[in-house]
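A quick write-up on the structure given underneath.
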Amino acid sequence: AALLLTACGGGTVGGSSSGDSGAKTTSKKLSLIPGVQAEPFYISMQCGAEAEAKKAGYELTTQAPQKFDAAMQTQLVNALGSNPPAALLIAPTDAQAMLAPIQQVKSRGAKVIEVDTALKDTSVAESSISSDNAEGGKLAAKTMAELAAGKTGSVLVLDTIAGTSTTNTRAKGFEDELKNYPNLKSAGVQFTQNEPDQAASKVTAALASTPDLIGIFATNLNTGEGAATGLRNAGKIGAVNLIGFDASPSEIEGLRKGEYQGLIAQDPAAIGQQGVQQAIAALEGKPVTRNLTASLHSITKANMDANAQYFYKQ
Ligand code: T6T
């Protein structure tokens with residue numbers, strides 16, 4: 001994987017692409033492996049993690065897979081080699097497929113901290129830091145119901161990939177909450193493989209098959225961006241309410257333009273910062289918190305200027 005340029009500290013962050021941590025002592029070395037490269041949520045997380053590592057005198061190296069893909073991410077985990085960093089901060093791209101590679105790094109002595117997504121097996125990580133994703137889905141459904149204002153219609157959920165702990169939980173939280181609004185009927189959950197093109201074509205198909213479609217919940221950044229494209233192509237912007245997750249520059253621009261009616265923003269910088277804090281606590285024998293929850297923020301066009309601190313970096 002290429003070295004990553006970040007928008008936060010300036011300069012190049014990264015290490016040897018072979019992943020071997022060399023002859024130097026590994027005790028102050030942390031490795032961050034996000035879900036995917038060049039993506040505002042994980043860039044913001046990396047910025048938070050880097051700032052915290054620097055403050056504490058630790059060295060953080062980030063390498064991210066080209067796609068949100070377990071096989072690609074496994075290669076990066078395996079490349080940490082037989083002498084891994086003191087701690088691995090990772091957003092597992094698959095709750096089960098990433099278990100074996102992560103367990104191997106742990107068996108070679110690294111402390112494991114989950115940031116954002118998590119493994120199904122809760123015995124591996126020392127600490128997991130994420131948003132309350134069920135609550136995020138619920139919040140999105142409440143916003144959807146407010147927007148519908150009693151109007152009857154169908155609502156589609158766009159999830160990413162089966163096995164992504166975060167977005168799968170958001171979809172379920174949304175569907176559960178939707179049951180409280182008899183005027184809103186579920187049009188089901190569709191998977192987009194985290195590809196904007198697939199999200200756009202699912203929207204095109206849903207508009208054709210579900211004439212009473214009045215809302216779409218897109219469970220993350222890429223699905224939201226693709227859903228907006230699908231609505232734009234069909235001339236349905238504003239006619240179908242779109243609630244997205246995350247707050248990338250393009251989503252924020254879309255909210256301003258009226259393509260989205262709401263966004264649920266996470267605080268990825270805080271997830272990165274707390275991930276580093278927990279890693280260091282584990283390494284220094286201080287108390288570690290097993291589960292930490294980062295905040296969520298419901299952003300609309302009306303309140304967006306007051307919430308600018310939650311917009312992601314790119
Ligand atoms: O929504 C975030 C993250 O929380 C999720 O696990 C994967 O997708 C994002 O990175 C947004 O692209």
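This one's a predicted model, so the numbers in the text were calculated from it and none came from an experiment. Just follow the structure's listing: the first ligand is 1, and inside any ligand the first atom is 1.
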**Message:** The criterion is ring-ring contact (aromatic ring centres under 6.0 Å, His included); which residues satisfy it with Y58, sequence neighbours excluded?
**Reply:**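 Y58: no ring-ring contact (aromatic ring centres under 6.0 Å, His included) contacts found.
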
**Prompt:** Who pairs with F245 by ring-ring contact (aromatic ring centres under 6.0 Å, His included), at least two apart in sequence or on another chain?
**Reply:**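 ring-ring contact (aromatic ring centres under 6.0 Å, His included) list for F245, sorted by chain: empty.
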
**Request:** If a pair satisfies side chain to side chain donor-acceptor pair (under 3.5 Å) and one of its residues is in residues 136-157, list it, with sequence neighbours excluded.
**Result:**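 Passing the test, one end in residues 136-157: S154-D212.
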
If you look at each N/O of ligand 1, which protein N/O atoms lie under 3.5 Å away, and at what distance?
| residue | atom | partner | partner atom | Å |
| --- | --- | --- | --- | --- |
| ligand 1 | 1 (O) | R170 | NH1 | 3.0 |
| ligand 1 | 1 (O) | D246 | OD1 | 3.3 |
| ligand 1 | 1 (O) | D246 | OD2 | 2.7 |
| ligand 1 | 1 (O) | Q266 | NE2 | 3.3 |
| ligand 1 | 4 (O) | D116 | OD1 | 2.7 |
| ligand 1 | 4 (O) | D116 | OD2 | 3.4 |
| ligand 1 | 4 (O) | R170 | NH2 | 2.8 |
| ligand 1 | 4 (O) | Q266 | NE2 | 2.9 |
| ligand 1 | 6 (O) | D116 | OD1 | 3.4 |
| ligand 1 | 6 (O) | D116 | OD2 | 2.6 |
| ligand 1 | 6 (O) | T166 | OG1 | 2.6 |
| ligand 1 | 8 (O) | N220 | ND2 | 2.9 |
| ligand 1 | 10 (O) | E39 | OE2 | 2.6 |
| ligand 1 | 12 (O) | E39 | OE2 | 2.8 |
| ligand 1 | 12 (O) | N220 | ND2 | 3.3 |

**Request:** State, without any angle test, whether T167 and T160 hold a side-chain donor-acceptor pair at a distance under 3.5 Å.
**Result:**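 Yes, side-chain donor-acceptor contact under 3.5 Å.
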
**Request:** Only one of E177, K179, K185 passes side chain to side chain donor-acceptor pair (under 3.5 Å) with Y181; say which it is.
**Result:**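 Running side chain to side chain donor-acceptor pair (under 3.5 Å) over E177, K179, K185 with Y181 returns exactly one hit, E177.
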
**Message:** Is it the case that over 12 heavy atoms from other parts of the model lie below 6.0 angstrom from the NZ atom of K67?
**Reply:**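 No, not enclosed.
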
